[in-house]
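To start, the structure under review is shown below, and the notes come after it.
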Amino acid sequence: MTSVLVLNGPNLNLLGTRQPEIYGSTKLSDVEQLCRDHGAANGFDVTCQQSNHEGALVDAIHAAKGTHDGIVLNAGAYTHTSIALHDAILGIELPVIELHLSNIHAREEFRHHSYIAPVAVGMICGLGVAGYTLALDALIGHLGGRT
Ligand code: CA2
């Protein structure tokens with residue numbers, strides 16, 4: 001069965017607890033359950049991980065090789081700073097869909113640049129929690145699945 005890693009970065013463990021006007025009021029645990037349910041309903045497996053640490057995210061990306069078929073990645077603020085995540089994605093040769101809850105292009109200028117974008121298949125941003133299932137469908141479609 002196709003297997004997808006949904007990987008969330010720094011501070012996303014706070015989802016649903018603060019700044020609902022930007023990030024919505026859904027908790028990360030509910031987002032993760034939504035992703036797993038979406039996979040189960042559409043015939044693919046979803047594993048969810050979150051870390052606040054750049055190196056742990058690099059390790060998770062490396063570990064995805066041979067375990068998962070692709071990654072939905074919300075790298076949080078590391079999106080805008082991390083050459084290490086960029087290089088990790090290049091190193092695994094698995095398709096990555098970049099995801100952001102908020103529209104990073106409608107926010108502060110420092111959020112406009114992404115180190116993930118050049119090594120991602122594509123990016124979904126600004127659509128809130130719905131973006132996660134859209135990103136999963138985009139990844140499955142990219143992998144040649146049915147959704
Ligand atoms: O819009 C997104 O998904 C972001 O990746 C979220 C990051 C931000 O640095 C990116 O520019 C865009 C921040 C995640 C912080 O999440 C929180 C959620 C609730 C309360 C506080 C932080």
Side-chain angles (χ1 to χ4, degrees), residues 3-42 44-65 67-143 147:
S3 177
V4 176
L5 175 65
V6 174
L7 185 58
N8 283 293
N11 297 308
L12 286 155
N13 54 310
L14 299 177
L15 263 191
T17 65
R18 271 168 262 164
Q19 296 188 272
E21 67 285 359
I22 302 176
Y23 299 119
S25 50
T26 310
K27 289 185 176 155
L28 181 63
S29 57
D30 293 328
V31 173
E32 292 178 339
Q33 191 58 51
L34 179 77
C35 291
R36 286 190 291 266
D37 289 348
H38 190 69
N42 291 282
F44 57 92
D45 189 64
V46 174
T47 298
C48 299
Q49 284 180 248
Q50 187 271 334
S51 178
N52 293 322
H53 305 280
E54 188 175 18
L57 293 166
V58 169
D59 288 342
I61 290 168
H62 290 174
K65 181 85 180 165
T67 306
H68 302 291
D69 299 295
I71 304 175
V72 170
L73 175 63
N74 185 347
Y78 289 139
T79 302
H80 318 298
T81 62
S82 181
I83 299 169
L85 291 182
H86 172 110
D87 287 346
I89 293 167
L90 273 181
I92 55 162
E93 296 174 333
L94 283 181
V96 172
I97 305 287
E98 178 180 359
L99 169 73
H100 301 286
L101 292 152
S102 63
N103 180 352
I104 58 174
H105 299 290
R107 300 183 64 192
E108 303 95 324
E109 185 131 14
F110 65 81
R111 296 187 203 274
H112 296 184
H113 178 263
S114 167
Y115 280 102
I116 309 300
V119 289
V121 172
M123 180 206 286
I124 291 172
C125 75
L127 300 178
V129 168
Y132 280 86
T133 51
L134 292 168
L136 286 167
D137 288 344
L139 182 57
I140 295 299
H142 178 81
L143 290 166
T147 48

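By convention here, the first residue in the shown sequence is residue 1. Read the numbers this way: they start at 1 and go in the same order the structure lists the ligands and their atoms. Heavy atoms only: backbone and side chains are in, while hydrogens, waters and symmetry mates are out.
For atom 15 (C) of ligand 1, the closest heavy atom belonging to the protein is Asn11 CB, 3.6 Å. For atom 4 (C) of ligand 1, the closest non-hydrogen atom of the protein is His100 ND1, 3.7 Å. Here the heavy atom of the protein found nearest to atom 20 (C) of ligand 1 is Arg18 O, 3.3 Å. For atom 2 (C) of ligand 1, the closest non-hydrogen atom on the protein side is Leu101 N, 3.4 Å. Protein heavy atom at the shortest distance from atom 13 (C) of ligand 1 is Tyr23 OH, 3.3 Å. Among all non-hydrogen protein atoms, the one lying nearest atom 1 (O) of ligand 1 is Ser102 OG, 2.5 Å.
Judged by distance alone, the side chain of Asn103 and the main-chain N or O of Cys125 form no donor-acceptor pair under 3.5 Å. Of the possible polar contacts, none joining the His86 side chain to the Ile116 backbone as a donor-acceptor pair under 3.5 Å is found.
Between Ile104 and ligand 1, not a single N/O pair is under 3.5 Å apart.
Ring pair His80/His100 is parallel by interplanar angle, where below 30° counts as parallel and above 60° as perpendicular.
Residue contacts with ligand 1, taken as heavy atom pairs separated by less than 4.0 Å, involve Asn74 solely via side-chain atoms from C-beta onward.
Taking all heavy atoms of Gln19, Lys27, Arg111, Glu108 into account, the minimum distance to atom 9 (O) of ligand 1 is reached by Arg111.
Residue Thr79 places every heavy atom at 4.0 Å or more from ligand 1.
Minimum heavy-atom separation, Ile97 to Leu139: CG1-CB, 3.8 Å.
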